[in-house]
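The block underneath contains the structure these notes are about, expressed in structure tokens.
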Protein chains: 2
Amino acid sequence: MPAEAKVSAKVNKPAKVEARAAAPVSPPLTERQEARRRRILHASAQLASRGGFDAVQMREVAESSQVALGTLYRYFPSKIHLLVATMQDQLEHMHGTLRKKPPQGETAAERVAETLMRAFRALQREPHLADAMVRALTFADRSVSPEVDQVSRQTTAIILDAMGQENPTPEQLSAVRVIEHTWHSALITWLSGRASIAQVKIDIETVCRLIDLTAPAAP
Amino acid sequence: MPAEAKVSAKVNKPAKVEARAAAPVSPPLTERQEARRRRILHASAQLASRGGFDAVQMREVAESSQVALGTLYRYFPSKIHLLVATMQDQLEHMHGTLRKKPPQGETAAERVAETLMRAFRALQREPHLADAMVRALTFADRSVSPEVDQVSRQTTAIILDAMGQENPTPEQLSAVRVIEHTWHSALITWLSGRASIAQVKIDIETVCRLIDLTAPAAP
DNA sequence: CGCTAATCTAGAACAAGTTTCAGACTTGAT
DNA sequence: ATCAAGTCTGAAACTTGTTCTAGATTAGCG
């Protein structure tokens, strides 16, 4: 009946199809579709690495990834969706990389700060890419909530990993939320040239103190 | 020689002209120019109050404020500049309002949290306006840094006011920075529907604990 | 194989931010 | 009062995100 995989009905956008590598269940993608999706994300990241948010132009992404503009929009319903998906992609890499070398700090706060600073250094290597991803993330409106939430969960997972906490308390989860807020906002101030790298470091270290504040003795 | 006030040279954009009400020194504006500026900001806030960021369309702002499109761009070189200036305007009101009834809390942390929650409630009354202003603020790139910085300073001033600290320590200033980060980011998650009002409250209260953590005995 | 529904493509069309330009209007100085 | 320089206006043009359309392709099923 359908063709190239029944992604579902008309309204369906492979966006939801973005079954993360972990659970490609919802709407299975054809090999060619999966390939297209990868080409698109690759082109997006490449263009972003050059000139940041503005350099990711939908027509160029379509051309670079050898896909028609309409198809690009079928996969990613907006530029913001595309960039947020790009961020999901990069975050997975990052999480994998971070897993390999766990932070060395004594306290949970130290380990989290160390992990975030490591991530920050990675972003510094591709500042334009960071710009595109972070701007998209904070500019996203309600229509992108599910995807942004996914990014948020991934970030939370990274931080909890660094804390080494199996089952964090509600208080600790609040602290993690605040750390994420600070992380995103600090990145923005850095990207827009209003804060130095050193300043970001201080902010991260400052907010990480909240962890110790909320991490009492283990049961 | 010039006309309607010598704003300066060719490249000059009254943007810099935005000498806040406090210090209209740099390039003095004609009365008519000041009036135009007010009309523009008013139209901007009005449109924003309706439909948020997207509803603030430059052509409409120009029409509503009875100014040519080109003139609008002379006063505010981009939509982002316009909305950030709108935020500066609103922040001043807010600061004035907050001054009148200082927060009641015992500790500095309580007072800051109370103040921010009061501001938050004000934003809730005009969620669309809040959306427009906050989105603009976080989307702003380097070209808007001076204006965004001004907003940041104003916010810092409000928080320091609430703390009741005359000369804060560097540590306290760091805490304030982190509070601002959390404030902005929490607003974004609320505006994009990813966090409830209650959640924002918790985040604010959580981060405000940092103040007590960094506020030792007075000298 | 041949069908049928969905997908993909190429390209036009539309929307809103931004730029540009010629001409009318103001302003402040002489 | 006059004039030079800067400002405002109105309208068109340009850019880039987004939508739409008609026709070519593809996938899976009988």
Side-chain angles (χ1 to χ4, degrees), chain A residues 1-15 17 27-37 39-40 44 47 51 53-63 65-83 132 135-136 139-141 143-144, chain B residues 1-15 17 27-37 39-40 44 47 51 53-63 65-83 132 135-136 139-141 143-144:
Chain A
M1 305 142 178
E4 278 217 29
K6 59 173 76 169
V7 193
S8 90
K10 190 164 71 180
V11 192
N12 173 62
K13 28 162 192 194
V17 153
L29 284 196
T30 295
E31 234 179 71
R32 307 184 61 188
Q33 288 181 315
E34 193 55 48
R36 274 189 204 105
R37 186 168 190 283
R39 287 205 306 278
I40 293 174
S44 167
L47 287 170
F53 188 88
D54 293 333
V56 181
Q57 304 195 350
M58 299 305 269
R59 283 172 241 262
E60 287 216 22
V61 172
E63 192 176 355
S65 51
Q66 306 217 277
V67 142
L69 189 55
T71 304
L72 171 53
Y73 272 96
R74 172 181 280 277
Y75 281 72
F76 302 97
S78 78
K79 173 171 175 172
I80 300 293
H81 281 85
L82 171 57
L83 286 174
R135 297 265 290 287
F139 192 62
D141 63 5
S143 72
V144 204
Chain B
M1 304 142 177
E4 277 218 29
K6 59 174 79 169
V7 192
S8 89
K10 190 164 72 180
V11 193
N12 174 61
K13 27 167 192 188
V17 153
L29 284 193
T30 293
E31 236 179 70
R32 306 183 63 187
Q33 289 181 315
E34 194 55 50
R36 274 187 206 109
R37 186 168 189 282
R39 287 205 307 277
I40 294 174
S44 168
L47 287 170
F53 188 88
D54 293 333
V56 181
Q57 302 196 352
M58 299 304 269
R59 283 175 242 260
E60 289 217 20
V61 172
E63 193 175 354
S65 50
Q66 307 217 274
V67 141
L69 190 54
T71 304
L72 171 53
Y73 273 96
R74 172 181 279 277
Y75 280 72
F76 302 97
S78 78
K79 173 171 175 171
I80 300 293
H81 281 85
L82 170 58
L83 285 173
R135 297 266 290 289
F139 192 62
D141 64 5
S143 71
V144 203

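Worth saying up front: this structure is predicted, and the values here are computed from it rather than measured.
Nearest heavy atom pair, residue A:Ala55 against residue A:Leu47, reads CB-O, 3.7 Å.
Formation of a donor-acceptor pair under 3.5 Å by the A:His81 side chain with backbone atoms of A:Ser143 is found in this model.
We find that CG of B:Leu69 is positioned 10 Å from P of C:dT19, with the value rounded to whole Å. Atom CD1 of B:Ile80 is separated from atom C1' of C:dT18 by 13 Å (rounded to the nearest Å). Rounding to whole angstrom units, CD of residue A:Glu31 and C1' of C:dT7 are separated by 17 Å. Here C:dC8 presents its P atom at 13 Å from CZ of A:Arg37, a figure rounded to the nearest Å. Taking atom CD of residue A:Glu63 and atom P of nucleotide D:dT16, one finds them 13 Å apart after rounding to whole Å. Straight-line distance from the CD1 atom of A:Ile40 to the C1' atom of C:dT7: 13 Å, rounded to whole Å. One can place CD of A:Glu34 at 12 Å from P of C:dC8, the figure rounded to the nearest angstrom.
Of the candidate nucleotides D:dT18, D:dT9, C:dA10, C:dA10 has the atom nearest to the side chain of A:Ala68. The B:Ser78 side chain lies nearest to C:dT18 when the options are D:dT26, D:dT9, C:dT18. When each of C:dT26, D:dC8, D:dG17 is scored by its nearest atom to the side-chain atoms of A:Met58, the top-ranked nucleotide is D:dG17. The nucleotide whose nearest atom lies closest to any side-chain atom of A:Arg32 is, among D:dA27, C:dT9, D:dT19, D:dA27. Distances from the side chain of B:Arg59 to the nucleotides D:dT18, D:dC8, C:dA16 place C:dA16 closest. Considering only the side chain of A:Lys79, D:dT18 comes nearest among C:dG17, D:dT18, C:dT27. When distances run from any side-chain atom of B:Val67 to the nucleotides D:dT9, D:dT26, D:dT16, the shortest one goes to D:dT9. Comparing C:dT9, D:dT19, C:dT18 by their closest approach to the side chain of A:Tyr73 singles out D:dT19.
Counting non-hydrogen atoms under 4.0 angstrom, B:Val56 reaches the backbone sugars and phosphates but no base. Within the 4.0 angstrom heavy-atom criterion, only backbone atoms of the sugar-phosphate kind lie near A:Gln66; the bases stay farther away.
Remark: B:Lys79 is positioned above the aromatic ring of B:Phe53, its terminal NZ or CZ atom under 6.0 angstrom from the ring centre and at most 45 degrees off the axis. Remark: B:Arg135 qualifies as a cation-pi partner of A:Phe139 under the 6.0 Å distance and 45° angle criteria applied to the six-membered ring.
The phosphate of D:dA27 has neither OP1 nor OP2 within less than 4.0 Å of any side-chain N or O from A:Gln33. The side chain of A:Arg74 places no N or O atom within less than 4.0 Å of a non-bridging phosphate oxygen (OP1 or OP2) of C:dT9. Regarding contacts with the backbone of D:dT7, every side-chain N or O of B:Tyr75 stays at 4.0 angstrom or more from both OP1 and OP2.
Comparing A:Gln57 and A:Gly70 by the nucleotide of DNA chain D whose heavy atom lies nearest to each, the residue mapping closer to the 5' end is A:Gln57. For the pair A:Leu72 and B:Asp54, both in contact range of DNA chain C, the more 5′-proximal nearest nucleotide belongs to A:Leu72.
Contact check for B:Ser65 versus B:Leu72: no side-chain heavy atoms found under the 4.5 Å cut-off.
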